[in-house]
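Start at 1 and go down the list; that is how both ligands and their atoms are numbered. Side chains included, hydrogens not; waters and symmetry mates left out as well; all remaining heavy atoms used. Since this is a predicted model, take the numbers as computed values, not measurements.
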Amino acid sequence: MPFPTHRMRRVRATEPLRNLVRETQLDPRDFILPLFACPGKGVRRAISSMPGNYQLSIDELVKECSQAHSLGIGGVILFGIPETKDELASGAYADDGIVQQAVRAVKREVPKLLVMTDVCNCEYTSHGHCGLVVDGEVQNDPTLEWLAKAAVSHARAGADVVAPSDMMDGRVAAIRKALDESGFPHTPILAYAAKYASAFYGPFREAAESTPQFGDRRSYQMDPANGREAMREIELDLEEGADMIMVKPAMPYLDIIRQARDRFDAPLGAYQVSGEFSMLMAAIQNNWLDRDRAILESLTSIRRAGADFMLTYFAKDAAKLL
Ligand code: PBG
């Protein structure tokens, strides 16, 4: 007879008991804060759909990074909004591109902060797609060259980790080869391995000005209905040389995070994306959700599902709460 011998409530009765039996812990070191670099000086342009997030000129971005560092946050991931866009995504792999400049500035001013870069083309192409477009189709193999050049330019600028998010086939291998040949054999690759074609990227596209001008990303990002396919994507990225893997978005894909954790021993990240943030923020601002508890519970659920680290726009808020 389990009851009354067993009473699950016994160890929930007091705070010290609850602390003792807690299975999942959050630590600011496991948070990565996404930041958006834009041209100019003294620019802090609010992103309306993401309250508390800004397009930042490099001087402002550096301030944000030193704040993140003093809060004990694990690192930042940088995205760029270039002055001009073109068909060839030139700004993505220019040595003086906006992200490359931002990396140099952050590594100079806050050298101990881990700096990751998002390797993709959609912020830099005039059409907003993640690769070379020919006859309305995103081309896979020619895009690999851009990605490899971008990753090398980021490493040259001092990036600690490069994170390809484009979902072209073969990009991890192409980037690994280019990094090795360019003298960066020690720069790790964090692959956005299982990245879904998600509605939850909406606010990010406002932030990064990267909405596709025609069509959508479903010919390269994954179908939200597929779970087994995510395991194949991850497996292939690891075979190609990914050092760390990521599932994105996070909360609607906790089952994928769990499967990935159980199946692969590589460090696993999860991206709590812009739409997840905005959705929670909207409810918080309406007083429909308790801010602090909603933030921590959302991150705890992602960690409990198996993520080692989390990319989250709540990084600073959560660090302050811990
Ligand atoms: C670039 C990229 C995107 C995100 C991260 N890298 C947008 C997209 O794929 O459309 C989304 C991040 C977010 O929503 O917070 N390809």
Discussion item. Any heavy-atom pair between the side chains of Phe200 and Met251 that's under 4.5 Å?
Written reply: no

Fill in: For Lys248, the ligand 1 atoms whose distance to one of its heavy atoms is below 4.0 Å
2 (C), 3 (C), 4 (C), 5 (C), 6 (N), 11 (C), 12 (C)

Worksheet item: Strictly under 4.0 Å, does any heavy atom of Phe277 approach an atom of ligand 1?
Response: no

Item to complete: Please step through salt bridge (charged side-chain N to carboxylate O under 4.0 Å, His left out) for the pair Arg291 and Asp317, ending with a clear verdict.
Response: CA-CA 10 Å; Arg291 175 183 176 276; Asp317 303 293; 2.8 Å; yes

Worksheet entry | Side-chain donor/acceptor of Arg303 to backbone N/O of Asp308, under 3.5 Å | yes

Worksheet, complete the sentence: So the atoms of ligand 1 within less than 4.0 Å of a heavy atom of Tyr271 turn out to be 12 (C), 15 (O)

Worksheet, complete the sentence: heavy-atom search around atom 16 (N) of ligand 1 in the protein gives Lys195 NZ, 3.1 Å

Worksheet entry | Atoms of ligand 1, numbered as shown, that sit under 4.0 Å from any heavy atom of Ser165 | 1 (C), 2 (C), 6 (N), 16 (N)

Fill in: Option passing side-chain contact (heavy atoms from CB on, under 4.5 Å) with Arg304 (candidates Thr24, Ile257, Leu299)
Thr24

Worksheet item: Does the ring centre of Tyr93 sit less than 6.0 Å away from the ring centre of Tyr124?
Response: no

Worksheet item: For the residue pair Phe204 and Phe79, does the interplanar ring angle fall in the parallel (under 30°), tilted (30 to 60°) or perpendicular (over 60°) class?
Response: perpendicular

Worksheet, complete the sentence: ligand 1 atoms nearer than 4.0 angstrom to some heavy atom of Arg205 are 8 (C), 10 (O)

Discussion item. Ring-plane angle category for Tyr196 and Tyr253, please: parallel below 30°, perpendicular beyond 60°, tilted otherwise.
Written reply: parallel

Item to complete: Check whether the ring centres of Tyr54 and Phe36 lie less than 6.0 Å apart, and answer yes or no.
Response: no

Discussion item. List ligand 1 atoms under 4.0 Å from Cys122, heavy atoms only on the residue side.
Written reply: 1 (C), 16 (N)

Fill in: Nearest option to atom 7 (C) of ligand 1, as decided by whichever heavy atom of Phe204, Phe79, Tyr196 sits closest
Phe204

Worksheet, complete the sentence: In this structure, atom 14 (O) of ligand 1 is nearest to the protein heavy atom Ser274 OG, 2.7 Å

Worksheet item: Nearest non-hydrogen atom to atom 6 (N) of ligand 1 belongs to which of Val273, Thr312, Asp118?
Response: Asp118

Item to complete: Would you please determine whether Gln221 falls within less than 4.0 Å of ligand 1 on a heavy-atom basis?
Response: yes

